[in-house]
Amino acid sequence: MKLRDMMFLVIGGLLVISGMVLNTLLSGDAEAQEGLKDATFRTITCGAFFIADVIVDGSKLRGAFGLDSGGDAMLKIYGDDGKHQVAYLGVKFQLILTQIP
C-alpha cells in the first residue's frame with residue numbers, strides 16, 4: 001500500500017470519528033411530536049391489532065383484528081361494555097348435531 005493511500009485512509013477514518021463525536025455532542029435523542037393524530041403508512045405487519053377505549057381504571061376493548069388459532073384472519077367487534085362480542089368476521093364453523101337415541 002502506498003503512502004498516499006494510507007494517508008487518505010487515515011484522513012477518512014478521522015473524519016468518520018469526528019462526525020460521530022460531533023453528532024453526539026450537538027444533537028440529542030429524537031423525541032416524538034406531541035399532538036400528532038393522523039399518520040399514513042405504506043405497509044404494517046403484525047400478528048394482532050387491538051382497538052380500546054382507555055379509561056382511568058383500565059381499558060375497554062372495542063375491536064380486535066388478527067389471526068385465530070388456525071392462522072385464519074378474524075375481526076371481532078365488542079359492545080359498549082368492552083366484554084361482550086357483538087360481531088365476528090372470520091372462518092365459519094359448521095355445528096353438526098347428532099340425534100341421541
Side-chain angles (χ1 to χ4, degrees):
M1 185 180 286
K2 294 182 181 178
L3 181 62
R4 186 185 75 173
D5 295 337
M6 290 177 65
M7 182 182 67
F8 284 127
L9 186 65
V10 168
I11 291 173
L14 289 174
L15 285 173
V16 169
I17 293 172
S18 62
M20 290 169 49
V21 169
L22 283 174
N23 184 35
T24 58
L25 295 176
L26 296 178
S27 64
D29 294 334
E31 295 181 14
Q33 297 175 353
E34 292 182 22
L36 182 64
K37 295 186 186 263
D38 298 326
T40 303
F41 301 96
R42 291 184 187 265
T43 304
I44 297 174
T45 304
C46 64
F49 184 76
F50 298 97
I51 301 168
D53 287 333
V54 178
I55 53 178
V56 176
D57 59 343
S59 64
K60 291 195 299 187
L61 196 59
R62 301 296 295 185
F65 179 71
L67 302 176
D68 62 8
S69 59
D72 297 315
M74 62 97 185
L75 172 66
K76 295 180 183 179
I77 305 297
Y78 296 92
D80 290 333
D81 62 355
K83 296 179 183 176
H84 294 92
Q85 183 177 313
V86 295
Y88 178 82
L89 177 63
V91 176
K92 183 179 178 182
F93 294 101
Q94 184 177 4
L95 181 62
I96 300 173
L97 299 175
T98 58
Q99 185 176 4
I100 300 174

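Separation of atoms CG (Leu67) and CE (Met74) is listed at 7.5 Å; rounding is to 0.5 Å. Atom OH of Tyr78 and atom NE2 of His84 lie 11.5 Å apart (nearest 0.5 Å).
Listed by chain and residue number, nothing satisfies the salt bridge (charged side-chain N to carboxylate O under 4.0 Å, His left out) test with Asp81 (two or more places apart in sequence, or in another chain). With sequence neighbours left out, Ile51 forms a side-chain contact (heavy atoms from CB on, under 4.5 Å) with Phe49, Arg62.
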Under 3.5 Å, side-chain donor or acceptor atoms of residues 5-20 against the rest of the protein: list the pairs with distances, not counting sequence neighbours.
residue: Ser18; atom: OG; partner: Leu14; partner atom: O; Å: 3.0
residue: Ser18; atom: OG; partner: Leu15; partner atom: O; Å: 3.0

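Residues Ile77 and Tyr88 are members of separate hydrophobic clusters, defined by side-chain heavy-atom contacts under 4.5 angstrom among Ile, Leu, Val, Met, Phe, Trp and Tyr.
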